[in-house]
Amino acid sequence: MKKITPPKTEEELLVRAWNIAGLSLGELASQLELPTPQNLLRNKGWIGETLEKALGATASSKPEPDFQLIGVELKTIPIRKNRQPKETTHVCTVPIINTTGMLWENSLVKEKLNRVLWIPIEFDENITLENRKIGAPLLWSPSPSEEAMLKTDWEEFMELIGQGELEQITAHLGEVIQIRPKGANSHALSETIGKNGEVVRSLPRGFYLRTSFTATLINQHYL
DNA sequence: ACCTGATCATCT
DNA sequence: AGATGATCAGGT
């Protein structure tokens with residue numbers, strides 16, 4: 001597989017993204033000399049990792065932006081024929097301990113979503129993984145109103161967590177963000193603060209963008 | 001355990 | 001069919 005250098009500018013990244021738009025995942029993998037799995041059952045991150053390689057992202061396992069030189073995060077998003085995302089988008093782990101004094105302005109959610117290259121990936125139950133096509137890229141930053149919605153949700157969540165109400169948070173809460181489990185499995189535990197201020201163990205959680213939010217931001221661009 | 005990449009499996 | 005809670009893989 002050929003080594004692809006990190007893009008030095010957003011323009012360079014966008015040119016690369018447009019160059020692979022329209023290709024199928026199988027074609028892209030073939031260009032990279034990588035095998036395409038039959039399905040994603042045992043390799044759920046395959047699409048994202050393959051696109052990272054194609055665009056010159058630095059190693060996917062590091063806790064830094066995918067395109068470190070230019071501060072851009074890559075998100076692939078599965079899109080159905082009706083232009084609705086099939087899945088929510090994971091943002092980051094939810095801080096559930098030592099959260100007092102945390103502000104939206106310094107939050108990981110804000111930092112992560114500051115600059116995102118969205119790449120839609122065709123999704124249809126009847127199309128095999130190798131035949132799913134790569135869509136047109138969208139380089140995005142939250143608009144003032146989008147950021148306001150994100151901030152409102154984030155502050156509501158962090159207030160509940162600060163009050164020891166983590167266990168009361170379900171995926172139903174939040175207009176544009178939701179909190180759901182995000183761990184190795186349902187037995188994974190991390191520390192949080194209970195109702196009486198004591199340290200207790202709980203499921204690790206993640207922040208996810210609702211599909212209604214990502215659908216709007218993607219489709220606004222392509223209208 | 002927690003970060004990266006997300007989708008799967010099940011229920012409504 | 002959409003949404004929620006559970007899960008897979010690999011690096012740090």
Side-chain angles (χ1 to χ4, degrees), chain A residues 6 25 28-29 32 34-68 71-99 107-109 111-113 116-130 132 134-135 153 157 166-192 199-216:
Chain A
L25 293 174
L28 181 67
L32 296 170
L34 295 172
T36 305
Q38 284 301 302
N39 55 55
L40 300 171
L41 268 175
R42 307 207 67 82
N43 203 349
K44 297 180 181 179
W46 183 81
I47 296 176
E49 288 159 5
T50 301
L51 270 285
E52 286 185 345
K53 287 169 187 159
L55 297 174
T58 46
S60 74
S61 57
K62 294 181 181 172
E64 59 190 39
D66 296 302
F67 304 101
Q68 208 250 327
V72 175
E73 180 75 16
L74 174 67
K75 293 284 185 200
T76 61
I77 182 167
I79 303 286
R80 297 180 187 274
K81 281 195 165 29
N82 64 4
R83 313 211 307 179
Q84 288 301 115
K86 179 192 177 253
E87 300 284 353
T88 55
T89 301
H90 175 251
V91 180
C92 59
T93 299
V94 179
I96 55 174
I97 196 162
N98 302 142
T99 60
S107 69
L108 204 47
V109 175
E111 184 182 311
K112 291 270 186 182
L113 297 181
V116 179
L117 181 68
W118 296 96
I119 299 193
I121 304 291
E122 177 180 41
F123 179 84
D124 187 304
E125 285 80 359
N126 300 315
I127 301 177
T128 61
L129 180 59
E130 71 169 358
R132 290 166 59 181
I134 298 164
D153 281 354
F157 284 130
L166 176 64
E167 298 303 335
Q168 315 314 318
I169 297 177
T170 71
H172 297 281
L173 213 55
E175 291 292 321
V176 297
I177 302 176
Q178 63 182 174
I179 285 182
R180 307 212 308 278
K182 166 61 168 158
N185 52 53
S186 61
H187 305 298
L189 290 174
S190 45
E191 290 186 341
T192 184
V199 173
V200 296
R201 312 263 281 167
S202 180
L203 236 51
R205 316 296 167 102
F207 286 120
Y208 295 80
L209 297 178
R210 291 189 179 281
T211 54
S212 53
F213 182 78
T214 53
T216 301

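Numbered from 1 within each chain, the chains take letters A, B, ... in sequence-line order. All of these numbers come straight from a predicted model, not from anything done at the bench.
Val72(A) and Pro65(A) get closest at one heavy-atom pair: O-CB, 3.8 Å.
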Apply side chain to side chain contact (heavy atoms under 4.5 Å, CB included) to the pair Val91(A) and Lys182(A), showing each step before the final yes or no. CA-CA 11 Å; Val91(A) 180; Lys182(A) 166 61 168 158; over 6 Å; no
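Comparing Lys62(A) and Ala184(A) along DNA chain C, the residue whose closest nucleotide (by nearest heavy atom) sits nearer the 5' end is Ala184(A). Residues Pro63(A) and Ile169(A) both approach DNA chain C. Their nearest nucleotides, taken by heavy-atom distance, put Ile169(A) toward the 5′ side.
In this structure, the side chain of Thr214(A) engages the main chain of Thr211(A) through a donor-acceptor pair within 3.5 Å.
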Between N or O atoms, less than 3.5 Å apart, protein on one side and nucleotides 6-9 of chain B on the other: list the pairs.
residue: dA6(B); atom: OP1; partner: Thr76(A); partner atom: N; Å: 3.1
residue: dA6(B); atom: OP1; partner: Thr76(A); partner atom: OG1; Å: 2.8
residue: dA6(B); atom: N6; partner: Tyr208(A); partner atom: OH; Å: 3.0
residue: dT7(B); atom: O2; partner: Lys44(A); partner atom: NZ; Å: 3.2
residue: dT7(B); atom: O4; partner: Arg180(A); partner atom: NH2; Å: 3.4
residue: dC8(B); atom: OP2; partner: Lys86(A); partner atom: NZ; Å: 3.0
residue: dC8(B); atom: O4'; partner: Lys44(A); partner atom: NZ; Å: 3.2
residue: dC8(B); atom: N4; partner: Glu87(A); partner atom: OE1; Å: 3.1

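Between Ser61(A) and dC3(B), a side-chain N or O to OP1/OP2 separation shorter than 4.0 Å is absent.
Glu167(A) is linked by a salt bridge (Lys or Arg N to Asp or Glu O under 4.0 Å) to Arg205(A), counting only residues two or more places apart in sequence or in another chain. With sequence neighbours excluded, no residue satisfies ring-ring contact (aromatic ring centres under 6.0 Å, His included) with Phe123(A).
Listed by first then second residue, pairs satisfying salt bridge (charged side-chain N to carboxylate O under 4.0 Å, His left out) with a partner in residues 85-99 of chain A number zero, not counting sequence neighbours. Here ring pair (Phe, Tyr, Trp, His ring centres under 6.0 Å) pairs that include residues 35-57 of chain A, with residues two or more places apart or in two chains, number zero.
Note on Arg205(A): nothing from the nucleic acid sits closer than 4.0 angstrom, heavy atoms only. As judged by a 4.0 angstrom heavy-atom cut-off over every strand, Glu73(A) is placed among residues touching the sugar-phosphate backbone only.
Counting 5' to 3', DNA chain C first comes under 4.0 angstrom of a heavy atom of chain A and last does so at the ends given by dG2(C) to dG11(C).
Taking the charged nitrogens against the carboxylate oxygens, Arg80(A) and Glu125(A) do have a contact shorter than 4.0 Å, which makes a salt bridge.
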